[in-house]
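What follows is a short report on a single structure.
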Number of protein chains: 2
Amino acid sequence: MPTSSREQHTGIQPSLIIERVTSTLREQVVARLRAALTEGVFRPGERMVERDICERLNVSRPLIREALRQLDAEGLVELVPHRGPVVRRLTTEEATELYDLMAVVEGECARYCVRRATADDLALLRKRTLALVEALRARDRGRIVKSKKLYYDALFAACHSASIEFYLRQISARLSQFWSSSVQVPGRIEEGTAELLAILDAIERRDENAASEAAQIFIRHARRQQDLRAIAEGSHRDAV
Amino acid sequence: MPTSSREQHTGIQPSLIIERVTSTLREQVVARLRAALTEGVFRPGERMVERDICERLNVSRPLIREALRQLDAEGLVELVPHRGPVVRRLTTEEATELYDLMAVVEGECARYCVRRATADDLALLRKRTLALVEALRARDRGRIVKSKKLYYDALFAACHSASIEFYLRQISARLSQFWSSSVQVPGRIEEGTAELLAILDAIERRDENAASEAAQIFIRHARRQQDLRAIAEGSHRDAV
DNA sequence: GATTGATAGATTGTCAGACAATTGGAGCAT
DNA sequence: ATGCTCCAATTGTCTGACAATCTATCAATC
């Protein structure tokens with residue numbers, strides 16, 4: 001769980017809360033490393049020598065070690081005893097499993113949206129969905145990335161479940177090394193936009209099963225893209 | 001991810017692997033604390049003062065701190081900045097969400113069993129299912145706990161997915177504080193045994209959807225038990 | 001008497017430095 | 001090539017320290 005986020009979603013009392021950005025250095029370190037890992041600054045399989053990271057981030061070794069324990073538990077790094085941390089590398093097999101997990105959890109997320117989203121949540125979700133669809137149609141990679149992030153923020157806000165959000169973000173982070181940025185399955189964009197709209201529609205219609213189903217389909221189809229890339233790159237073998 | 005468990009589920013080569021019990025003290029500490037947390041040695045909401053734990057386990061503070069970071073990421077403790085670690089307390093709301101997650105993930109687990117289980121896996125699963133059913137019928141609490149553990153070991157082995165196992169165990173650990181040990185919904189045992197057998201049957205029939213459905217139903221019904229307990233105990237309020 | 005403010009104590013956050021244990025690999029011998 | 005020995009690189013773990021921050025106690029004020 002992300003160290004202490006205590007936003008009681010009471011619905012009432014809209015934010016007199018002071019967001020403490022981060023009070024501890026460690027949280028910043030973890031955030032920094034996590035970002036670096038998901039953004040590919042460290043390559044899968046690469047060793048992360050503690051002292052090097054200390055110097056790069058200018059913090060002490062105990063701090064780095066604590067941060068690494070956390071990232072290990074999140075599945076982003078692997079701590080080989082007496083050999084040190086290594087950027088976890090996913091096999092296609094593991095990626096497949098994670099996608100399947102993501103699909104069912106995201107289905108549950110959509111289900112929760114149906115149950116819990118307020119009118120405001122829905123309005124925002126609609127807006128963000130359409131923005132993402134637009135970005136997809138424009139095939140503007142930068143805009144797609146940003147819109148996607150905003151879309152998911154809205155989706156998670158609408159489902160009002162910290163647990164679902166937590167696990168989806170975690171799985172997503174673990175899969176990040178697998179995101180394609182070059183290969184494009186022909187017609188995937190058209191298909192994807194239709195599916196996004198289907199999710200939105202089902203949620204707005206308050207149809208739980210349809211929403212869950214639509215969300216799952218979206219993820220499973222998105223995965224196909226990956227399969228293709230894996231094949232293109234020589235099936236992502238374990239040994240470098 | 002549980003610090004480096006590298007059992008390539010090749011299916012072939014049944015364990016020439018030498019299980020290194022634990023090469024580092026930290027792993028033992030984490031295991032110990034995790035066990036203590038799930039077994040209720042520490043009560044939800046209780047503070048875990050670092051130095052106290054150091055003395056109790058006879059290890060140094062850095063080690064305890066690393067262990068706590070990991071348990072934090074697993075959702076078992078909460079690290080309040082400048083106040084220290086607290087045993088995470090679940091609200092009924094959070095427990096509900098986790099049960100829903102567990103249901104869909106366990107559904108996926110059953111689905112994977114259908115896809116991947118070998119004949120040996122199935123034989124063991126059948127044996128363990130029947131043993132659990134027996135224990136349930138005998139209403140022998142100790143035996144039920146042991147059989148259940150073995151049942152899940154077999155189920156996870158049969159699904160051949162480290163990710164699914166990882167997340168299910170984690171969610172299960174987080175929910176442990178919520179397991180009832182006293183209240184019994186009348187007829188639940190009969191219902192539960194029937195559902196367990198239904199799961200087994202669906203897997204043996206190689207019917208993915210039925211297996212997934214049966215597993216989900218089992219969890220959702222098991223949760224009802226919890227609802228009852230929560231009500232009985234005054235709905236598990238947040239403030240002590 | 002209740003609220004506010006201030007002081008002290010407890011605990012965490014972070015660092016530096018040290019040393020033993022283990023691993024991986026280089027080099028040597030067979 | 002194969003196997004062995006030894007060494008360098010890193011990690012695993014500890015001790016001790018001190019600043020930052022929180023909690024609670026107690027005094028001061030209205």
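Letters go in sequence order (proteins before strands), and every chain restarts at 1.
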Query - Axial cation check for B:Tyr112 ring with B:Arg115, 6.0 Å and 45° limits - result: yes

Presence of salt bridge, [Y] and [X], under 4.0 angstrom:
X: A:Glu66; Y: A:Arg69; result: no
X: A:Lys149; Y: A:Asp153; result: yes
X: A:Asp100; Y: B:Arg111; result: no

Requested in this report: List the protein contact pattern of nucleotides 11-21 of chain C with one symbol per nucleotide (5' to 3'): B for base contact, S for sugar-phosphate-only contact, - for none; contact means a heavy-atom distance under 4.0 Å.
Outcome: SBBBB--B---

Query raised in the report: CG of A:Asp120 to CG of A:Leu125: how many Å apart, nearest 0.5 Å?
Result: 12.5 Å

